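Each remark here refers to the structure printed beneath this line.
Residue numbering restarts at 1 for every chain, and letters A, B, ... go by the order of the sequence lines. Since the structure is predicted, the reported quantities are computational estimates derived from the model, not experimental observations.
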Amino acid sequence: MPDPSNAVIAAAFDELGDLYELDGAVIHRVLAYRNAAKAVRDAPTSVSALTREGRVTTVPGIGKTLEEKLRALLETGTIPAAEKLRARFPAGLIEMTRLPGLGPKRARKLFDELGLDSLDALREAAEQQRLRGVKGFGPKFEASVLAAFEAGVAERPAPRLVLHRATELAEAIAEGLRAHPAAVRVELAGGLRRGSDSVKDLDLVAAATDPAALAGALADLDLVESASSAGENAARARTHSGASVDLRVVTPDQFGNLLQHFTGSRQHNVRLRERAVKRGLHVSEYGILDDATGDTLRCATEEEVYARLGLPWIPPELREDRGELDKGFVVPDLIVQDDLKGDLHCHTVASDGRDTAQEMAAGALARGLQYVAITDHSATHGFGNDVSPDALRRQIELVHDLNDRTDGIEVLIGTETNILPDGSPDYDDDLLAQLDWVVGSVHTSFGMSRAEMTRRIVAATEHPWIDCIGHLTGRKIAARAPYDVDVEAVFEAAARTGTMLEINSAPDRRDLNDVHARQAHAAGVRIVINTDAHGVSTQGIARWGVLTARRAGLTAADVANTLPWAQFAPLRKRAAR
DNA sequence: GCCGTTTTCGGCCCGACTGTTTTCAGTCG
């Protein structure tokens, strides 16, 4: 039995938190499990390995009790406490808490008094008006339950918006609001500003000379289908595309407090406020209350908020409670898009791209890059337009010729070769050896076992002509789960063999993700940020890969393709041969 | 259940809204 991954352990702790909450445990005990789950999910090393080494209590939020539970999980594959609680509380009870306004306390009450243990049972009870018989529940709640089912809550959890679409939409709304005469500043907040993979809704904050007037103006935008007031200086809306929008407006002297509060993350704010309380300060979206004086400090900028708490300004991408508020944390000089000198993964009409190698090279040059590798799909890609070995040989000639004719940018010939189920590439070694650069990616047989998939990708890192592994986990944000692979084993192999790992910038991939990129870097792996662009029009998506790298805390020096080609070239595995 | 520039015990962010209450617990962000 393989050791559970950090993701599996985190899910187990989250489940335990839910179960203890239903069991009526004090909330801080429940939160301890959720904190631990998050710490495990974000941990830069294997929590299973730490447990075996007896060092797991070095993970913040894991103490003696959770260590014991981890040991049980490693030795028996399960946690006894979870088994016991599962026997008492059906899974349907946790599902019931998906309904707005129904949390664990009230769900438990319905379970105890009416025996409701599933969404179906809840709906039936609401239809029969039996809920109002329970103290604390009334006709309005029954109506809201039925409305929630009508809206489809039971079938699907609220869909999440992938960041690039959400950003595009939110920027358009922000632009509309900025045109209002009362607007002083309008900014994106929440996960949009932190660069999360996806967001649940669009958070916007604004400063205005007349806050109520600007909040009211949200309803008038063309993009907005319907809007409602959510208090004096706030508005909530739904766009025609179905996204929900939250807007809060204050006067300019409080804008820093508001922006800080609504940028989050929740965990970052909790930690920030806990720190502040120890100094006698209470932080909210309205200001910083000082116990000593009774005064509330209003901040026009975020910098003032952090400064008053004795902290440097922390870039939004790092506000995830991953150590950024620890004593002695030094804010890194995070990478920016302009730091990138090359793109080592793109496609042309030779496979499934839209533009020619010449057009892609010109596009890369126009974006200020100094080198670009043409890496079309390989012979067994399986989605049409496969590049046969002969076609690749012709492509080598073509790109060499193009490079000779092109000034200002190094045009390299490469491939994105399929990693076959046995871990080998689908071109012969002598052909791969003629290329400047080879990305190896998994595009088939996603359903392999974790052990098989890990062996497959580790074997690819050990191949002498594979310079880099593309989109390591194959995930599609909000659409497709990653395939099951022991990423830590791959990081070890990549570091050992000198194989680089890509942060794929496609906005629905961002793979490596932020946590993996941080782990890989810590393991000594060389990271590159690639576009995987399929046309000139999408070469700008490096933005999303850079955002992922920033969330991983990476600087320009931590990303190999910030180097000019002359310095990058010798870092390739093939350069050592 | 965790944790320590006030603590090895007694704390553990902040504010708004909701529906049901007779003064507020639970939920949400």
Inset, instruction - Kindly indicate, with the supporting measurements, whether the criterion salt bridge (charged side-chain N to carboxylate O under 4.0 Å, His left out) is fulfilled by A:Arg185 and A:Glu187. - result: CA-CA 7 Å; A:Arg185 254 188 100 175; A:Glu187 297 295 338; 3.5 Å; yes

[atom1] of [X] versus [atom2] of [N]: gap in Å, rounded?
X        : N      : atom1 : atom2 : value
A:Glu274 : B:dT6  : CD    : P     : 14 Å
A:Lys278 : B:dC2  : NZ    : P     : 16 Å
A:Arg275 : B:dC13 : CZ    : C1'   : 14 Å
A:His28  : B:dG11 : NE2   : P     : 11 Å
A:Leu281 : B:dC14 : CG    : P     : 10 Å
A:Arg271 : B:dG4  : CZ    : C1'   : 13 Å
A:Asp326 : B:dG4  : CG    : C1'   : 14 Å
A:Lys38  : B:dG1  : NZ    : P     : 22 Å

Under 4.0 Å, heavy atoms only, any strand: does [X] hit a base, just the sugar-phosphate, or nothing?
X        : answer
A:Leu31  : nothing
A:Val30  : nothing
A:Val270 : base
A:Lys327 : base

Inset, instruction - For DNA chain B, determine which residues of residues 55-63 of chain A have any heavy atom closer than 4.0 angstrom to one of its atoms, and list them numerically. - result: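 Per residue number, the list reads A:Pro60, A:Gly61, A:Ile62, A:Gly63.
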
Inset, instruction - Kindly confirm or rule out a cation-pi arrangement of A:Arg106 over A:Phe141, judged by NZ or CZ under 6.0 Å from the six-membered ring centre and within 45° of its axis? - result: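 Cation-pi check for A:Arg106 and A:Phe141: passes.
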
Inset, instruction - Would you kindly check if the NZ (Lys) or CZ (Arg) of A:Arg248 is within the cone defined by 45 degrees around the ring axis of A:Phe262 and under 6.0 Å from the six-membered ring centre? - result: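 The answer is no; the distance or angle limit is not met.
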
Inset, instruction - Taking side chain to side chain donor-acceptor pair (under 3.5 Å) as the test, write out the residues that go with A:Asp511, two or more places apart. - result: A:Thr473

Taking all non-hydrogen atoms of both residues into account, name the closest pair between [X] and [Y] and its distance.
X        : Y        : result
A:Asp514 : A:Thr548 : N-CG2, 3.6 Å
A:Val224 : A:Leu218 : CG2-O, 3.4 Å
A:Leu102 : A:Phe137 : CD1-CE2, 4.4 Å

Inset, instruction - Write down the distance separating the C1' atoms in B:dT7 and B:dC12, rounded off to the nearest Å. - result: 12 Å

Inset, instruction - Answer yes or no: does a side-chain N or O of A:Tyr286 lie under 4.0 Å from OP1 or OP2 of B:dA16? - result: yes

Legend entry - Residue-phosphate contact under 4.0 Å: A:Ser144 side-chain N/O, B:dG19 OP1/OP2: no

Inset, instruction - From the options B:dG1, B:dC14, B:dC13, select the nucleotide whose nearest atom is closest to the side chain of A:His282. - result: B:dC14

Legend entry - Assigned partner base of B:dT8, Watson-Crick or wobble definition, under 3.5 Å: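 Paired with no nucleotide.
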
Inset, instruction - Measure the acute angle between the ring planes of A:Phe13 and A:Tyr33, then classify it against the limits of 30° and 60° as parallel, tilted or perpendicular. - result: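 Rings of A:Phe13 and A:Tyr33: perpendicular, over 60°.
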
Inset, instruction - Report, as a single string ordered 5' to 3', how protein heavy atoms within less than 4.0 Å touch nucleotides 20-29 of chain B: B base, S sugar-phosphate only, - not at all. - result: SS----SSSB

